[in-house]
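If you're wondering where the values come from, they're calculated on a predicted model, not measured in any experiment.
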2 protein chains.
Amino acid sequence: MAVTLKDIALRVGKSVTTVSRALHDFDDVSPDTKAEVRSIAEELGYIPNIHAQRLQSKHTDTIGFIMPTFGPRFSDPFFSEFLTGIGNQAAKMGFDLLVSTRPPGTMELQTYEKNVRSPRVDGFIIVRTRQDDQRIKFLSQMKFPFVAFGRMLDHNDYAYVDEDGEYGMGLITSHLTDLGHKRIAYLDAPGHFMFAHYRRQGFLDGLKENGMEINQDLMVTGDMTQRAGYQLATDLLTQESPPTAIVACNDLMALGAISAAQQLGLTVGKDVAITGFDNIPLAEHCHPPLTTVHQPIYQIGEMVCEMLIKQIRAESLEQEQIILQPSLVVRQSTLGPINTL
Amino acid sequence: MAVTLKDIALRVGKSVTTVSRALHDFDDVSPDTKAEVRSIAEELGYIPNIHAQRLQSKHTDTIGFIMPTFGPRFSDPFFSEFLTGIGNQAAKMGFDLLVSTRPPGTMELQTYEKNVRSPRVDGFIIVRTRQDDQRIKFLSQMKFPFVAFGRMLDHNDYAYVDEDGEYGMGLITSHLTDLGHKRIAYLDAPGHFMFAHYRRQGFLDGLKENGMEINQDLMVTGDMTQRAGYQLATDLLTQESPPTAIVACNDLMALGAISAAQQLGLTVGKDVAITGFDNIPLAEHCHPPLTTVHQPIYQIGEMVCEMLIKQIRAESLEQEQIILQPSLVVRQSTLGPINTL
DNA sequence: ATTCTAATCCAAAACGTTTTGGTTTTCAAT
DNA sequence: ATTGAAAACCAAAACGTTTTGGATTAGAAT
């Protein structure tokens with residue numbers, strides 16, 4: 001069926017060794033032979049058998065990405081953009097990308113283990129770090145290469161890229177207090193997500209710095225979906241003394257909150273200010289456009305992938321740990337009346 | 001390093017052959033030996049070397065999915081949901097999923113070729129079929145297994161799942177004409193996408209059936225993003241005699257159109273009706289909620305994946321070609337005034 | 001003529017598995 | 001005692017590549 005080194009060797013009248021070395025441009029093969037081998041390889045349409053190569057060479061030139069998915073109806077713009085970043089960078093550097101989808105938990109960890117031991121991939125990209133992150137613990141302990149998007153509190157001797165969520169949420173808080181908001185609600189994500197931890201911290205610190213009290217009744221938690229944002233915001237806005245601003249810890253929940261406010265007849269930006277975090281593409285073209293904090297998700301995907309591949313190739317990384325300063329994007333969801341066109 | 005069959009064989013005092021056959025439950029190994037081999041394999045933490053297996057067995061137990069991405073800032077809820085469907089089903093059936101990201105074009109086709117010839121995967125899932133689809137032509141010609149989400153016009157002797165876009169768009173058109181709309185605009189996707197073809201056809205036929213003229217000025221084309229929907233709808237709604245309804249061929253453009261209408265001070269559902277197609281999760285929780293056509297994207301991902309794996313395993317498919325009837329989801333973007341709470 | 005060096009080349013081993021084509025052993029039937 | 005069949009086992013080949021550790025040849029230097 002497929003063309004092998006042997007076929008080429010037969011045609012050229014040289015050994016398999018020589019053919020292999022010719023194709024790899026070793027210098028103990030004469031220029032003439034190299035040329036001939038290459039032309040015949042081309043002619044026969046030779047493509048190396050990747051499993052033979054991998055069996056021999058002990059590495060897979062593949063990186064693994066296990067997407068933590070929740071429920072079947074899983075849809076998060078974050079992931080398609082991040083995946084595109086990883087995928088393009090991997091291709092650029094000659095690596096394959098093996099993707100699995102697993103809800104966080106035991107099965108997820110087993111998948112890591114199987115892929116490490118097989119060995120199916122050379123390294124992993126980990127996303128949305130968690131408190132007491134089993135994935136990171138496992139891979140660290142196995143000394144298996146990985147790069148994470150996200151820090152951890154206790155255990156930080158690994159390569160990562162992260163955004164400074166504390167700082168970003170500080171920008172949001174200052175922006176809102178500058179506008180005079182006193183009652184600010186917060187749509188939190190489940191506590192075990194590190195990103196939620198930092199963002200929440202930034203919010204709380206921001207309030208304190210601006211001399212405001214923290215009102216526990218206005219701190220609520222959802223599962224990061226638009227649906228959750230809608231639900232939580234509805235509850236908040238229908239209580240007797242509703243907040244004048246709602247800070248969501250991600251854009252999706254913020255979009256849900258916008259719908260909820262509008263459903264209640266409120267004008268977002270005037271009657272209530274709403275902010276997000278991430279700056280997903282949807283944030284710009286919703287109505288009103290969403291004030292949020294920009295995270296370069298695609299670039300982070302590229303960076304993380306590049307760092308991982310360099311680590312696999314045992315090249316030194318200039319920077320093992322990168323924290324990006326996000327920037328505030330002010331749009332109409334926190335400005336004056338918008339129906340003035 | 002890693003535990004091999006040889007290690008187990010040494011421990012058990014049997015040959016590598018016997019160990020291999022014991023682990024595969026062949027019946028020419030005694031029950032006692034099987035038990036012993038298994039317990040020692042367990043004890044040593046044996047995991048087969050996947051490359052040796054694949055080199056030997058000639059199949060990869062991996063399916064390929066090459067995501068057609070546009071630009072870096074690529075974000076489409078369709079893909080995260082579809083990918084989750086494929087990923088979960090593949091895992092359930094013991095297959096790996098190799099994902100690449102490529103903008104449609106030459107590089108994309110080369111990626112297919114390389115993966116076929118390496119051979120890196122056992123089959124492909126193809127998504128968003130196109131007129132004169134090079135991917136399908138190539139794989140058909142190579143007799144390489146694949147299943148597509150989408151039909152083609154000319155060449156239809158392959159396995160696919162598709163939604164009946166014509167029918168779905170017919171539902172939309174009837175719904176709008178029932179509501180009395182006379183000037184209906186259409187936000188089309190680029191003509192080479194088959195799904196765009198069927199949906200457009202459904203729209204045009206629907207108009208005709210309801211005795212309406214087709215106004216070419218109201219047919220405009222965008223790149224399926226929210227941004228495009230926003231732009232196109234703004235243009236449409238600011239012309240001297242604007243449409244009373246805008247039909248978008250996908251939800252993302254519809255969401256953009258909603259923003260555009262609202263930016264212009266219009267109340268969507270009252271001043272202008274807007275519809276989408278896909279029923280992405282965002283459609284339910286935007287404001288106003290979007291009238292659209294439901295496509296079970298996650299399930300289609302699962303189905304397509306299962307069909308592909310069955311095809312690879314040379315099991316017979318009950319149905320090689322499946323066309324799903326979508327259903328209309330009427331929400332407030334095509335109803336009366338909504339700010340009435 | 002001999003030795004040395006550099007330029008080419010290659011047989012065989014190795015990677016870890018599965019499969020092929022057996023062999024050996026045991027025991028019942030003749 | 002001999003035959004046959006069934007049960008249990010295994011050496012070697014095969015998959016296609018890379019690497020190891022040389023071998024061969026030609027030409028230059030002695």
Side-chain angles (χ1 to χ4, degrees), chain A residues 1-38 40-41 44-62 94 96 114-122, chain B residues 1-38 40-41 44-62 94 96 114-122:
Chain A
M1 295 272 284
V3 180
T4 70
L5 286 183
K6 204 170 166 185
D7 299 321
I8 302 177
L10 247 46
R11 270 285 292 274
V12 184
K14 294 277 155 69
S15 74
V16 168
T17 308
T18 301
V19 171
S20 170
R21 298 180 80 85
L23 290 172
H24 286 273
D25 205 22
F26 278 57
D27 54 10
D28 64 352
V29 179
S30 80
D32 286 359
T33 309
K34 274 184 196 171
E36 195 188 355
V37 165
R38 288 204 185 112
I40 296 211
L44 298 181
Y46 169 73
I47 294 196
N49 180 304
I50 211 159
H51 305 115
Q53 279 183 327
R54 289 177 178 177
L55 173 57
Q56 167 69 30
S57 69
K58 310 290 225 173
H59 51 79
T60 66
D61 289 341
T62 302
D96 285 341
K114 212 177 59 179
N115 280 292
V116 166
R117 311 272 301 284
S118 275
R120 218 171 289 234
V121 301
D122 291 338
Chain B
M1 296 271 286
V3 180
T4 69
L5 286 183
K6 205 170 165 184
D7 299 321
I8 302 177
L10 248 47
R11 269 284 293 274
V12 184
K14 296 275 155 70
S15 75
V16 169
T17 309
T18 301
V19 172
S20 170
R21 298 179 80 84
L23 291 172
H24 285 274
D25 206 22
F26 278 57
D27 54 9
D28 63 352
V29 179
S30 79
D32 287 357
T33 309
K34 273 183 196 170
E36 196 187 355
V37 165
R38 288 203 186 113
I40 297 211
L44 298 181
Y46 170 75
I47 295 196
N49 180 304
I50 210 157
H51 305 115
Q53 280 184 326
R54 289 176 178 177
L55 174 58
Q56 166 70 30
S57 69
K58 309 291 224 172
H59 51 79
T60 66
D61 288 342
T62 301
D96 286 339
K114 212 176 60 179
N115 281 292
V116 166
R117 311 273 301 284
S118 277
R120 218 170 290 234
V121 301
D122 291 339

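- If you measure from atom CG of A:Leu55 to atom P of D:dC15, you get 14 Å, rounded to the nearest angstrom.
- A:Arg120 places no side-chain N or O within donor-acceptor distance of the main-chain N or O of B:Asp96, the cut-off being under 3.5 Å.
- Using a cutoff of 4.0 Å between basic side-chain nitrogens and carboxylate oxygens, B:Asp27 and B:Lys34 are not scored as salt-bridged.
- Nucleic acid contact for A:Ser20: base, since at least one base atom lies under 4.0 Å from a heavy atom of the residue.
- Side-chain N/O atoms of A:Thr33 include one lying less than 4.0 angstrom from OP1 or OP2 on C:dC9.
- Within the 4.0 Å cut-off from OP1 or OP2 of C:dG16, at least one side-chain nitrogen or oxygen of A:Lys58 is found.
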Verdict with supporting geometry, A:Asn49 and B:Arg54, side chain to side chain contact (heavy atoms under 4.5 Å, CB included): CA-CA 10 Å; A:Asn49 180 304; B:Arg54 289 176 178 177; over 6 Å; no

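- Rounded to whole Å, the distance from CG on B:Leu10 to C1' on D:dC10 is 15 Å.
- In this structure, B:Asp28 reaches the bases: a heavy-atom distance under 4.0 Å links it to at least one base atom across the strands shown.
- In this structure, B:Leu5 atom CG and D:dA12 atom P are separated by 18 Å, rounded to whole Å.
- Across all strands shown, A:Gln53 has heavy atoms under 4.0 Å from sugar-phosphate atoms exclusively, and none from any base.
- Along DNA chain D, the nucleotide nearest to B:Gln56 and the one nearest to B:Arg21 differ in position, and the one closer to the 5' end is contacted by B:Arg21.
- Test A:Val121, A:Ile50, A:Asp122 against A:Thr62 for side-chain contact (heavy atoms from CB on, under 4.5 Å) and you get one pass: A:Val121.
- Distance, A:Glu36 CD to C:dC9 C1': 14 Å, rounded to whole Å.
- Put simply, CD1 on B:Ile47 is 15 Å from C1' on C:dT17, counting in whole angstrom units.
- Remark: A:Thr18 is not in phosphate contact with C:dT8, judged by side-chain N or O atoms under 4.0 Å from OP1 or OP2.
- One interatomic measurement links the two molecules: CG of A:Asn49 to C1' of C:dC15, which rounds to 13 Å at whole-angstrom precision.
- A:Arg54 comes within contact range of no nucleotide atom at all, as no heavy-atom separation falls under 4.0 Å.
- At the phosphate of D:dC10, OP1 or OP2 sits under 4.0 Å from a side-chain N or O atom of B:Ser15.
- A straight line from NZ of A:Lys6 to P of C:dC10 spans 15 Å, rounded to a whole angstrom.
- One can place NE2 of B:His59 at 10 Å from C1' of C:dT18, the figure rounded to the nearest angstrom.
- Within the nucleic acid shown, A:His24 comes within 4.0 Å of sugar-phosphate atoms alone, with no base atom in reach, counting heavy atoms only.
- For B:Ser20 (side chain) and B:Val16 (main-chain N/O), no donor-acceptor pair under 3.5 Å exists by modelled atom type.
- Between the side chain of B:Thr17 and the base of D:dA12, a donor-acceptor pair under 3.5 Å is found.
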